[in-house]
Protein chains: 2
Amino acid sequence: MSSQGYNNSLSVTVDIVIFTIREGELKVLLVKRALDPFKGVWAIPGGFVRNSESLENAAKRELEEETGVKNVYLEQLYTFGDVKRDPRGRVITTAYLALVNSDSFSLRASTDVSEAKLFSVSELPKLAFDHREIMGYALKRLKWKFEYTTVAFSMLPKEFTMGQLQGIYEVVFSREFDKRNFAKKIRSLGLLKEEKVKREVSYRPPKLYSLNKKIGEIVEIL
Amino acid sequence: MSSQGYNNSLSVTVDIVIFTIREGELKVLLVKRALDPFKGVWAIPGGFVRNSESLENAAKRELEEETGVKNVYLEQLYTFGDVKRDPRGRVITTAYLALVNSDSFSLRASTDVSEAKLFSVSELPKLAFDHREIMGYALKRLKWKFEYTTVAFSMLPKEFTMGQLQGIYEVVFSREFDKRNFAKKIRSLGLLKEEKVKREVSYRPPKLYSLNKKIGEIVEIL
DNA sequence: ACAAAAGTGTTGAGAGTACACCCATGC
DNA sequence: GCATGGGTGTACTCTCAACACTTTTGT
């Protein structure tokens with residue numbers, strides 16, 4: 001490290017790519033910017049890191065301000081540090097990835113934002129800054145994590161059916177899986193605990209399962 | 001993002017975990033700090049990010065200052081942003097991972113460092129700041145990358161033998177592989193081009209290979 | 001001839017993939 | 001009785017792991 005002292009002309013933000021599943025599609029939360037060079041343009045929600053909070057706490061705070069939810073799955077994605085990525089000055093941003101169970105959140109627009117909305121990842125609008133690149137990273141990471149860890153379960157309620165689980169995998173990977181093979185694979189991993197069967201549906205009531213491990217644990221799922 | 005303007009009391013550094021293989025062991029470059037609260041303590045080399053350079057360029061610059069090599073494999077690892085990780089003030093650091101071919105570098109101590117030395121990863125000294133945690137991340141990432149990408153080849157000369165390749169895998173994973181199975185697996189991936197066989201050794205001369213793909217490309221190696 | 005690493009194939013076990021029919025419920 | 005998603009087993013293929021002996025060179 002240099003001894004010339006600290007560099008004071010540089011700001012740090014966090015941006016949070018918030019994924020959820022709604023209407024059978026993978027959606028991401030975007031906000032419409034109310035100010036500045038990108039007024040009216042959609043962007044990944046985020047904000048400045050305060051001096052008294054860690055990066056991760058800044059991300060949690062922004063996430064809660066935006067969605068009202070706590071205790072969701074949150075992981076650091078990547079830090080983007082090109083000199084000219086923000087036209088207003090030197091801003092480095094650490095991007096986070098959040099996975100939210102769609103039942104548990106409601107949108108809120110914070111002060112510097114005029115609107116917040118869920119977009120299907122297959123129909124994204126033009127994005128501010130280098131947010132298109134960040135989104136690309138987030139999608140790659142999301143698939144990777146679904147394939148090799150238990151993060152998918154963070155998008156389901158505590159008790160879920162095999163069909164729901166398979167459904168979110170099909171959405172994220174944009175393809176169908178064979179029901180029998182999928183269930184066999186999942187069961188062979190010993191992740192699931194069987195719960196009671198009761199469910200009010202107009203067809204054969206499915207078994208309910210719950211996750212036996214921590215969310216985010218490394219397990220080769222597919 | 002907030003509209004309240006920029007936060008100016010926060011510094012950003014890069015730290016680079018530089019791995020190489022020497023004497024049949026996985027080694028990492030550490031520097032002995034010459035100043036400050038951690039004077040005399042070993043640390044991961046790094047330095048402040050300048051206003052005019054991207055994060056990645058800062059990492060490249062520090063790497064070259066430390067080792068004299070350019071064009072090595074370099075990837076961003078993680079950004080550490082706890083409030084109290086540096087006792088001198090609020091410093092966020094983005095850690096990078098570098099893999100260096102051991103033939104191609106020479107150590108240099110920069111101005112704020114009294115000594116630079118390669119340590120075996122199995123015999124690390126006490127480290128400054130949160131550098132132990134950073135090292136843990138780096139080692140995990142290194143193994144992951146060896147298993148699923150072609151980064152290993154960045155630690156070999158352009159032309160190498162199957163034995164050399166297997167050797168670095170054995171060092172990184174601290175275990176032995178079966179020669180026949182290893183070669184079969186590698187060959188089945190179609191990564192290698194055969195080169196001329198000549199080599200002056202006091203035993204049966206091995207075939208030489210070169211890599212047919214880009215370094216860092218995703219391929220399930222093991 | 002000896003030391004040192006290179007080179008080479010087969011077999012068995014387990015995992016992944018493809019594939020089709022009946023079941024339980026609400027309306 | 002019909003619509004809806006739930007639940008179940010087998011056969012084939014492919015990949016992974018275990019395993020030992022001969023070859024080429026320099027000294």
Side-chain angles (χ1 to χ4, degrees), chain A residues 21 23-25 143-144 146-150 152 156-157 159-210 218-222, chain B residues 21 23-24 143-144 146-149 152 156-157 159-210 218-222:
Chain A
I21 291 180
E23 300 150 22
E25 288 187 295
K143 288 185 189 176
W144 184 257
F146 263 59
E147 196 162 354
Y148 294 108
T149 77
T150 58
L156 292 172
E159 301 192 338
F160 51 86
T161 69
M162 192 62 77
Q164 287 177 298
L165 180 61
Q166 182 172 340
I168 65 172
Y169 272 91
E170 292 182 339
V171 168
V172 168
F173 289 96
S174 310
R175 70 184 186 92
E176 296 185 345
F177 296 94
D178 179 87
K179 220 176 9 171
R180 290 161 290 187
N181 294 339
F182 184 85
K184 195 194 315 176
K185 185 69 207 291
I186 297 292
R187 270 195 277 263
S188 77
L189 299 172
L191 304 174
L192 301 184
K193 202 167 57 184
E194 242 176 87
E195 305 286 342
K196 59 193 176 303
V197 182
K198 228 173 166 186
R199 261 210 142 190
E200 293 166 15
V201 287
S202 70
Y203 49 85
R204 176 172 179 174
K207 283 183 193 152
L208 290 174
Y209 299 92
S210 63
I218 293 180
V219 176
E220 197 171 315
I221 307 272
L222 298 182
Chain B
I21 291 180
E23 301 151 20
K143 287 185 189 177
W144 184 257
F146 263 60
E147 196 161 355
Y148 293 108
T149 77
L156 291 171
E159 301 192 339
F160 50 86
T161 69
M162 193 62 78
Q164 287 177 299
L165 180 61
Q166 182 172 340
I168 66 172
Y169 272 91
E170 292 182 338
V171 167
V172 168
F173 289 96
S174 312
R175 70 184 185 90
E176 295 186 346
F177 295 93
D178 180 88
K179 216 172 17 165
R180 290 160 290 186
N181 292 340
F182 185 85
K184 197 193 314 173
K185 186 70 206 295
I186 297 292
R187 270 195 277 263
S188 78
L189 299 172
L191 304 173
L192 302 184
K193 203 168 57 184
E194 241 176 89
E195 304 287 342
K196 59 193 178 300
V197 183
K198 228 172 167 186
R199 262 208 142 193
E200 292 166 17
V201 286
S202 70
Y203 49 87
R204 178 173 178 171
K207 283 183 193 152
L208 289 174
Y209 299 92
S210 63
I218 293 179
V219 176
E220 198 171 313
I221 306 272
L222 297 183

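First the proteins, then the strands, lettered A, B, ... as listed; each starts at 1. Since this is a predicted model, take the numbers as computed values, not measurements.
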- After noting the C-alpha distance and the side-chain angles of B:Phe182 and B:Ile186, does the key distance pass the side chain to side chain contact (heavy atoms under 4.5 Å, CB included) rule? CA-CA 6 Å; B:Phe182 185 85; B:Ile186 297 292; 3.7 Å; yes
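- Nucleotide C:dA15 holds its P atom 11 Å from the CG atom of A:Leu189, rounded to whole Å.
- Side-chain atoms of A:Gln166 come within 3.5 Å of backbone N or O of A:Phe177 as a donor-acceptor pair.
- Atoms CD (B:Glu200) and P (D:dG26) sit 9 Å apart, rounded to a whole Å.
- When each of B:Leu222 and B:Arg204 is assigned the nucleotide of DNA chain D bearing its nearest heavy atom, the one mapping closer to the 5' terminus is B:Leu222.
- Of the residues near DNA chain C, B:Arg180 and B:Thr161, the one whose nearest nucleotide (by heavy atom distance) lies more toward the 5' end is B:Thr161.
- For the side chain to side chain contact (heavy atoms under 4.5 Å, CB included) with A:Phe146, the qualifying choice from A:Leu222, A:Ile221, A:Ile168 is A:Ile168, the only one to do so.
- Distance CD1 (B:Ile186) to P (C:dT8): 15 Å, rounded to an integer number of Å.
- A parallel orientation is assigned to the rings of A:Tyr169 and A:Phe173, their planes being inclined by less than 30° (bins at 30° and 60°).
- Protein atom CD1 of A:Ile221 is 12 Å distant from nucleotide atom P of C:dG16, rounded to whole Å.
- Atom P of nucleotide D:dG5 and atom CG of A:Asp178 are separated by 17 Å, given to the nearest angstrom.
- Between A:Glu176 atom CD and D:dG5 atom P the separation is 13 Å, expressed in whole Å.
- Between B:Lys184 and D:dC14 there is no side-chain N or O to OP1 or OP2 distance below 4.0 Å.
- Taking the six-membered ring where the residue is Trp, A:Tyr148 and B:Trp144 present perpendicular rings, their angle passing 60° and hence far from 30°.
- Atom NZ of A:Lys185 and atom C1' of D:dG7 are 20 Å apart (whole Å).
- The listed nucleotides are C:dT8, D:dT25, C:dA24; the one nearest the side chain of B:Lys207 is C:dT8.
- Taking side-chain N and O atoms only, A:Lys179 has no distance below 4.0 Å to OP1 or OP2 of D:dG9.
- The listed nucleotides are D:dT8, C:dG9, C:dT25; the one nearest the side chain of B:Asn181 is C:dG9.
- Comparing B:Tyr209 and A:Glu220 along DNA chain C, the residue whose closest nucleotide (by nearest heavy atom) sits nearer the 5' end is B:Tyr209.
- The distance from atom CZ of A:Arg175 to atom P of C:dT17 is 8 Å, rounded to the nearest whole Å.
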